[in-house]
There are 2 protein chains.
Amino acid sequence: MERPRPLSGYPEWLPDEQMVEQHLLDTLRAKFELHGFVPVETRAVEPLEQLLSKGETDKEIYVLRRLHAADDEEEPGLGLRFDLTVPFARYVLEHAGKLAFPLRRYQIQKVWRGERPQEGRYREFTQADIDVIGEGRLPFHYDAELPLVLHDALTPLPIPPLQIQVSNRKIAEGFYRAVGIPDVSGTLRAVDKLDKLGEAGVYQLLTGPVGCSEQQAQACLDLARITSPDDAFVDHVRALGVRDPLLDQGLDELVQVVETGRQLAPGSVIANLRIARGFDYYTGTVYESVLIGHEQLGSVCSGGRYDNLASTGDQRTYPGVGLSIGITRILGRLLGRNLLRASRQTPTCVLVALPTESERPRCNQLAAALRARGIPVEVAPEPVKYGKQIRHAQRRGIPYVWFPQGESGKDEVRDIRSGDQQPADPQHWLPPENDLRVTIVPGHDAG
Amino acid sequence: MERPRPLSGYPEWLPDEQMVEQHLLDTLRAKFELHGFVPVETRAVEPLEQLLSKGETDKEIYVLRRLHAADDEEEPGLGLRFDLTVPFARYVLEHAGKLAFPLRRYQIQKVWRGERPQEGRYREFTQADIDVIGEGRLPFHYDAELPLVLHDALTPLPIPPLQIQVSNRKIAEGFYRAVGIPDVSGTLRAVDKLDKLGEAGVYQLLTGPVGCSEQQAQACLDLARITSPDDAFVDHVRALGVRDPLLDQGLDELVQVVETGRQLAPGSVIANLRIARGFDYYTGTVYESVLIGHEQLGSVCSGGRYDNLASTGDQRTYPGVGLSIGITRILGRLLGRNLLRASRQTPTCVLVALPTESERPRCNQLAAALRARGIPVEVAPEPVKYGKQIRHAQRRGIPYVWFPQGESGKDEVRDIRSGDQQPADPQHWLPPENDLRVTIVPGHDAG
C-alpha cells in the first residue's frame, strides 16, 4: 500500500485531538441529561424520497448501492442523512406509540453532505442536536428554553463564548405579506444570503429573480438590519410602519425568547432579524449562533421551530423545536488554530517499568492494582534500559513511571517532569487530581 | 407522511434502550482508558480499492455516489467501511509520522455490510475495537494482554459472562503443510464453516472442492476438535503425530495466551483449535468469543494478529493485534429478550411542578439550582392540575416531584413511588445515590 493521502472534506483527528472532541461531547451529554434530555441515535440511512421532500438539499445527498447488487435488483433508494432533524422526525412518527411526549431528546451523530469542502464545511461531520417534540401541540416556552440549555452546556468548556442570534419566520413572512411581496419563500432564501452576498447582492436578487419592487426590496433590507439585545427590536419594526397579525405574533414570540434569555443568561441571546435559515421546514423561531471572535466561520449552532415536519397526513402532527451544534466546525477551527488541546497525548497516568520480560506477570498485577483504584496505567512494551522506558513515557506525556523493586525493596514512583522519586505502595499511592485524567486546556496561541 | 416502517437490518433503539447502550459504551471506554488506550475515530468511507483488497468481503460493501453527480463526473470510488480494522490500518499508515508506537487505540463506531439481515446479523451495527499496533515489530505479549483487557472491561457489566476462545493460524497452517495439504487458505475457510455445516459438511468441502485426501480431511477435523482451558492442548496436538516448525511456533504462542489468561482471569480464555476466522489478514493468534448461555448467537467478540495489514510496500510494516466487540449483536439479544434494561426511561430525577405559567421563571431558577448540584431536572410542560403533572412523571419513571411553595412556605418534594412528601431546600436536598442517575439492571426475565 502507498502511504494514503487524506480525503478532502473528511476530517480525522489525531488521538489527542480525538480526546478533545470526546471531552467536549461528554460535557454536552452530561449537561443535556441534567436538563432531562434522553439520548437517541438513528440509522445512517433514510429512504431517498424522505430526504428529498425536506427542502433544498437534494444536490448534497449521498446515495447508497450494494457493490454486487444484481442489475435487475430493485434499488432500495437509500441515502445518507444530511442532518439529524429529518431522521428524528421520522423516528418520532415510527415509534410514536412507545414514546412519552413532550419528548426531550439529544442526538450526537455524524451527517454527510456532498458539498465542496472548505474551512468549516465538510462532507462528513458531527452534529450534537437537542430537540423537544410534542404530540399535537408544543407550548411555546420551549423555544425560549433551548438557547438556555445550549448556553448552560457550552459555558463550562474552554472555548470562546457563543452568541445566539434569534429571529422568527412569522415576522418576516407577516412583514413580506403586508408589503405585498408575492414570493415569500424566495425572499427568505435571498435574505439568507446576506452574509455571502452583502446588501447590494441581495438587493439585486430581490429586485431581479425574486420579483420584488425596489421599495419592497428596500423594506426587506430595513427589516433585516434590526438587531437588539432586548425587546427594543419591537419598536424598530414598528417604526417601519408595517402592520400584520402574523408579524405581531412573531414579534410577541421573539420578545419571549429574547427576554427569557436576557434574564437567565445575560448577553447570550440577541434578536437579529436577518436570521432566515436555509431549510424550508422552519415555521417560527429560527436560531443561528457565532463563536465570538470567530464570526467569519459562520453559524456554529443553528435550528428553529418546525410545526409540520413530522405528521401523518391529517391525523397527527408532532411539532418540534431544536438546536444543532456543529461540533466538527467548532473543533476544526479551534484545533486547527491551536486554541484547544489535551493536557497529554494518552489517558495513561502511570507507566510501569519492566525490569525483565519474566517479571511481566508481576508488573501486570501491579498495574491491575493501580487500575482498580481508578488510575490509568500501562506496562512498558519491552524490558529495555530504564532510560529508554522513561523516554517512552516522555514522548506521550505520561507523567509518572513506576519502578517495581521486587521482594527485597519498596516500589518507587518518579514524576518524570520534576525528576522527584519517592517510595510508593500500589494500594495507597494517588497522583494529584490534575494528573489523574486528561484535561482540556486552551492551546498555546490562546494566551 | 405515512407512518414509516422500520428498515430491515437497521436496528434503532428506544430512548431507554439507547441509555443501556450508552452505559455499556461508557463502561468500555472508561476501562479501555484505564488500560492506556487512546480514542480514534475514522471517516465512514474508504477508497473502494482499499476495501476490496482486504479479503472475501466484496459482496457486502455499500458504494456511495452523489445524487446529482454529473454523468461525466469522475466517481470517487468510495465505499462505507465494513469493519474498523481496515480503516485503522489505513489511518496508521496515513498518520504514522505523528503517532507514538506501540499505539494502543480503541475505536467505537458503526460499520455497514449489505448482508441478508437475521438475528445477530445487521446491515448497520456498532463495534468497539481495541488494537495495539507497533512500528516494524510488535512484541507477542500483546496477544496475551488483549483478552484480559476485554475481560476486565466486560466484567462490571450486568451481562452474561464471556468465554474467549483462542487459536493460532500458525498451528493450522504448519499442520496442514506438514500433512501435505496443497490449499492451506481454502482449508482454513472450510474449517471456519464448522459451526454452520458441521463435521460432515466440512469433510465434504475438504475432500471435494478444497482437494484434500480423506486422510488429510480427517486430520484437519481431528485438529479442530482439540480444546482445553490450559496448555493440555499441546499434548493433544502432539498425539496426532505431526511435526512442523511453524506448528511448534503456533503452539508456543497459544500456550502463552492461554496460560496468561488462566493466571490472571481463570476460566475466561480457552484454547479452541477450530477457531479460524473469515478475514484473510490474520497471521497468528485468532480470537472468537461467546456469551455463555447464548452460544447459538455466534461470536460476539472476534479478532486476531495481523502482521501485514498495514505496510507501505517493502519499506515499513505496522504489525497489530486487535479485538472487536459486536455491541449491536450483544444488545440486540439482551434487549430483545428483556435481559437488560434501564432503571427508568429518562435521565430526569426531579420534575419541578408548575403552579402557573407566570411562575415558570422562578421554577426555571429552582431547576437550575438543583442542576448546579448535579441533579437531573426538568420543569413541567404545562401548569395543569398537579395530579396530571404527577402522572407525567410517573409515565417516565421520574422518581421525584418538587412542589414550589412561593414566598410564603417551604418547598416540598414527593417520592411518587412511596407518596412520602417532605419539606426541601434546593440548596441542600439530595436524592439517594441509586435515584440520582439511571442505572442498568438485569431485566425481568433474567431472574
Side-chain angles (χ1 to χ4, degrees), chain A residues 1-4 6-7 10 12 14-15 18-19 22 33-36 38-45 58-59 61-68 79 90-91 93-95 98 100 102 104-105 110 114 124 139 141 263-264 311-312 345-348 360-361 364 371 376-378 381-382 395-396, chain B residues 1-4 6-7 10 12 14-15 18-19 22 33-36 38-45 58-59 61-68 79 90-91 93-95 98 100 102 104-105 110 114 124 139 141 263-264 311-312 345-348 360-361 364 371 376-378 381-382 395-396:
Chain A
M1 197 195 289
E2 295 292 298
R3 193 166 296 280
L7 275 182
Y10 291 91
E12 282 183 333
L14 291 169
Q18 192 69 49
M19 290 194 289
Q22 202 57 264
E33 294 189 358
L34 274 179
H35 284 265
V38 296
V40 161
E41 292 198 350
T42 60
R43 61 190 189 223
V45 299
D58 49 351
K59 67 181 177 306
I61 296 175
Y62 282 112
V63 185
L64 294 192
R65 73 175 169 81
R66 289 198 303 130
L67 182 60
H68 287 233
R90 187 267 312 153
Y91 176 96
L93 288 182
E94 186 175 323
H95 303 286
K98 295 171 177 168
R104 303 160 74 84
R105 88 83 176 80
K110 294 203 159 65
E124 176 178 57
H141 63 80
Q263 284 158 31
L264 290 173
S311 65
T312 53
Q345 281 176 268
T346 166
T348 305
R360 184 174 295 282
N364 281 339
R371 280 184 204 118
V377 182
E378 57 186 284
E382 296 184 89
R395 268 202 308 277
R396 290 161 173 77
Chain B
M1 198 194 291
E2 294 292 300
R3 193 167 295 281
L7 274 182
Y10 291 91
E12 283 183 334
L14 291 169
Q18 192 69 50
M19 289 194 290
Q22 202 56 264
E33 295 189 357
L34 274 180
H35 285 265
V38 296
V40 161
E41 291 199 352
T42 60
R43 61 190 189 221
V45 300
D58 50 350
K59 67 181 178 306
I61 295 175
Y62 282 112
V63 185
L64 293 192
R65 73 176 168 80
R66 289 199 301 130
L67 182 61
H68 288 234
R90 187 267 311 153
Y91 175 96
L93 288 182
E94 185 174 323
H95 303 285
K98 295 173 178 168
R104 304 159 72 84
R105 88 85 175 78
K110 292 203 161 64
E124 176 179 58
H141 62 81
Q263 285 158 30
L264 289 174
S311 66
T312 54
Q345 282 174 268
T346 166
T348 305
R360 185 173 295 282
N364 280 340
R371 281 184 203 117
V377 182
E378 57 186 284
E382 295 184 89
R395 268 202 308 278
R396 291 160 171 77

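Protein chains get the first letters and strands the later ones, always in sequence-line order, with residue 1 at the start of each.
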J.: If you count heavy-atom pairs within less than 4.5 Å of chain A, which of Arg395(B), Lys110(B), Gln345(B), Gln22(B) leads?
T.: Gln22(B)
J.: Using a cut-off of under 4.5 Å on heavy-atom pairs, state which of Lys98(A), His35(A), Arg105(A) scores highest against chain B.
T.: His35(A)
J.: Heavy-atom distance under 4.5 Å to chain A: side chain of Arg396(B), backbone, both or neither?
T.: side chain
J.: Would Leu64(A) and Leu64(B) count as a side-chain contact (heavy atoms from CB on, under 4.5 Å) here? Give the steps.
T.: CA-CA 5 Å; Leu64(A) 294 192; Leu64(B) 293 192; 2.8 Å; yes
J.: Below 4.5 Å from any heavy atom of chain B, which atoms of Glu124(A) appear? Answer side chain, backbone, both or neither.
T.: side chain
J.: Please name the pair of heavy atoms, one in Arg43(B) and one in Glu12(A), separated by the smallest distance, quoted to 0.1 Å.
T.: N-OE2, 2.8 Å
J.: Say you draw a straight line from CE of Met19(B) to CD of Glu33(A); how long is it, rounded to the nearest 0.5 Å?
T.: 7.5 Å
J.: Need one label for Leu14(B): side chain, backbone, both or neither, based on atoms under 4.5 Å from any heavy atom in chain A.
T.: both
J.: In terms of heavy-atom proximity below 4.5 Å to chain A, should Pro139(B) be classed as side chain, backbone, both, or neither?
T.: side chain
J.: Taking all non-hydrogen atoms of both residues, which atom of Glu94(A) and which atom of Pro6(B) are closest, and how far apart?
T.: OE2-CA, 3.3 Å
J.: Check the pair Arg66(A), Tyr62(B) against side-chain contact (heavy atoms from CB on, under 4.5 Å), reporting the backbone distance first and the verdict last.
T.: CA-CA 5 Å; Arg66(A) 289 198 303 130; Tyr62(B) 282 112; 3.3 Å; yes
J.: For Glu378(A) and Arg104(B), which heavy atoms make the closest approach, and how far apart are they?
T.: OE1-CD, 3.3 Å
J.: Nearest 0.5 Å, please: how far is CG in Asn364(B) from CD in Gln263(A)?
T.: 10.0 Å
J.: Go through the atoms of Arg360(B) and report whether side chain, backbone, both or neither lie under 4.5 Å from a heavy atom of chain A.
T.: side chain
J.: Could you pull out the closest heavy-atom pair between Gly36(B) and Thr348(A), with the gap in Å?
T.: CA-OG1, 3.0 Å
J.: Side chain from CB out, backbone as N, CA, C, O: work out which of these in Leu264(A) comes under 4.5 Å of a heavy atom of chain B, or both, or neither.
T.: side chain
